[in-house]
Amino acid sequence: MPENTAAGPLAVVGAGVMGTAIAALAIGHGYPVRLIDSAPDARSAAPGRVELHLRTARMLGTLPDGRPAGELTTAATADAAAGTTAVIEAVTEDPEEKAAVLAQLAAVVPAGTLLVSNTSGVPIGELSLAVPHPEDLVGVHFMNPAYLIRTVEVILGPRSADAAAVAVRTLLAGLGREGIVVGDGPGFVTSRLLHRMLNDAIEVVHEDRATPGTVDALMRDCLGHRTGPLATADLIGLDNLADSLRVLHDKTGDAAFRPSELLLDKVRRGELGRKSGRGFYDYEETMR
Ligand code: NAD
């Protein structure tokens, strides 16, 4: 097996929308997972959220049959990543926070351990400046929900080593995912294209040109978008969408990425989409 190959316990850092779903995906494929979050509320909610994702994934038939689930443990600090074979960072989309977390993680795992960032758009080359072994860092943009969508965007940064590219392929094969490799840069491919469209769809609602339901119906029924942009924004989480747009705006200067005032208003009101029960639509507890 090549050095850097992930085969054993995984650390997932950030127990939010993505971290809990990635943990469920990994557990369902038999990996023990240490799920790390600095927020006590996120830690206490995590086992229930992971269990709900697992049940949904099993119901949808997206996990391997008959494979015993890996064990889930939760922890508050990066120390818990010691002894893991790969680390997946899925904390809030804030470049400085991510850099700090990656530096803490790199300090507890040996050189040659695969470090993955699930950032939506911070360039991997930029994040690699925070770690002592930048060759170990790659980007994997898992899609939401991570246990349902098989294809992921893989970003090899300017300093990612061939060994890390091999290790990430092995990890993704172990998780039943197919990676499509793209070049580094703000928003990579998917967020660069999608987030601009989501922001614009929110502006259409802000201008009172159409309701969220009308925009989504047009995008779904005329243009073949699976759910419609406003439903997608609610699924992503409006706080994360605003953060990701800010990153894209800061790093490209492109005004199309300046978060819509309506989006920012919703975040200020705590209307964060599915995860808070209300965004552009309302959600029952069981739908979150
Ligand atoms: P989220 O807000 O739901 O969860 C983020 C979690 O990170 C929170 O529980 C928070 O407590 C934790 N956290 C923040 N700082 C931390 C630290 N220093 N140490 C440990 N934990 C910390 O966010 P999310 O939607 O899960 O997004 C996570 C990452 O995945 C972001 O980079 C986001 O852009 C990316 N992403 C999100 C989606 C999506 O659809 N939501 C899709 C693909 C990628």
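All values derive from a computational prediction rather than experimental measurement. Start at 1 with the first residue, then count along the sequence. Order of listing sets the numbers, starting from 1, for every ligand and every atom in it.
Applying the 4.0 Å criterion to heavy atoms of H141 picks out, from ligand 1, the atoms 43 (C), 44 (C). Numbered from 1 in the order shown, with element, the atoms of ligand 1 that lie under 4.0 Å from a heavy atom of N144 read 39 (C), 40 (O), 41 (N). Distances below 4.0 Å separate heavy atoms of E97 from the following atoms of ligand 1: 15 (N), 16 (C), 17 (C), 18 (N). Under a 4.0 Å criterion applied to the non-hydrogen atoms of A39, ligand 1 contributes the atoms 11 (O). Those atoms of ligand 1 that come under 4.0 Å of a heavy atom in V101, given as number and element, are 17 (C), 18 (N), 19 (N). Those atoms of ligand 1 that come under 4.0 Å of a heavy atom in K98, given as number and element, are 31 (C), 32 (O). Listed by number with element, the atoms of ligand 1 under 4.0 angstrom from any heavy atom of S244 are 34 (O). Short contacts between ligand 1 and S120, defined as distances under 4.0 Å to a heavy atom of the residue, involve ligand atoms 33 (C), 34 (O), 35 (C), 36 (N), 37 (C), 44 (C).
Note on R268 versus E261: salt bridge recorded, some NZ/NE/NH1/NH2 to OD/OE distance being below 4.0 Å. Using a 4.0 Å cut-off between charged side-chain N and carboxylate O, R246 and E93 make no salt bridge. D282 has a carboxylate O that lies under 4.0 Å from a charged side-chain N of R278, or vice versa, which qualifies the two as a salt bridge. Contact check on K275 versus D239 returns a salt bridge, with a Lys/Arg side-chain nitrogen under 4.0 Å from an Asp/Glu carboxylate oxygen.
A donor atom on one side chain and an acceptor atom on the other are not found under 3.5 Å apart for S191 and S120. Under the 3.5 Å distance criterion, with hydrogens and angles disregarded, a donor-acceptor pair is assigned to the side chains of H53 and T20. Under the 3.5 Å distance criterion, with hydrogens and angles disregarded, a donor-acceptor pair is assigned to the side chains of E89 and S117.
With respect to atom 4 (O) of ligand 1, the closest heavy atom belonging to the protein is G16 CA, 3.2 Å. Ranking protein heavy atoms by distance to atom 25 (O) of ligand 1, first place goes to V17 CB, 3.6 Å. Nearest non-hydrogen protein atom to atom 42 (C) of ligand 1 is M18 SD, 3.5 Å. Counting protein heavy atoms only, atom 35 (C) of ligand 1 is closest to N118 O, 3.2 Å. Summary of contacts: the protein heavy atom closest to atom 19 (N) of ligand 1 is S38 OG, 3.5 Å. Here the protein heavy atom with the shortest distance to atom 43 (C) of ligand 1 is F142 O, 3.2 Å.
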Steps toward side chain to side chain contact (heavy atoms under 4.5 Å, CB included) verdict (T85, L114): CA-CA 7 Å; T85 52; L114 179 65; over 6 Å; no
As a quick check of understanding, evaluate side-chain hydrogen bond (donor to acceptor under 3.5 Å, both in side chains) for T151 and E178, giving each step before the final call. CA-CA 5 Å; T151 306; E178 188 187 334; 4.8 Å; no
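The environment of E207 atom CD is dense: over 12 non-hydrogen atoms of other residues, nucleotides or ligands sit within 6.0 angstrom. Shown here is D265, whose CG atom has more than 12 heavy atoms of other residues, nucleotides or ligands within 6.0 Å.
At least one heavy atom of A90 sits closer than 4.0 Å to an atom of ligand 1. The closest approach between M143 and ligand 1 stays at or above 4.0 Å for every heavy atom of the residue. Residue contacts with ligand 1: K275 is included, with a non-hydrogen atom under 4.0 Å away.
Taking each of L241, D37, T92, I236 in turn, the one with a heavy atom nearest to atom 41 (N) of ligand 1 proves to be I236.
A chain of hydrophobic side-chain contacts below 4.5 Å, direct or via other Ile, Leu, Val, Met, Phe, Trp or Tyr residues, connects I88 to V181.
Contacts between V91 and ligand 1, counted as non-hydrogen atom pairs separated by less than 4.0 Å, involve both the backbone and the side chain. Contacts of N240 with ligand 1, taken as heavy-atom pairs under 4.0 Å, involve the side chain alone.
Considering N118, L172, V168 as possible partners of V152, the one that fulfils the side-chain contact (heavy atoms from CB on, under 4.5 Å) test is L172.
Taking any N or O of E93, backbone or side chain, at least one lies under 3.5 Å from an N or O belonging to ligand 1.
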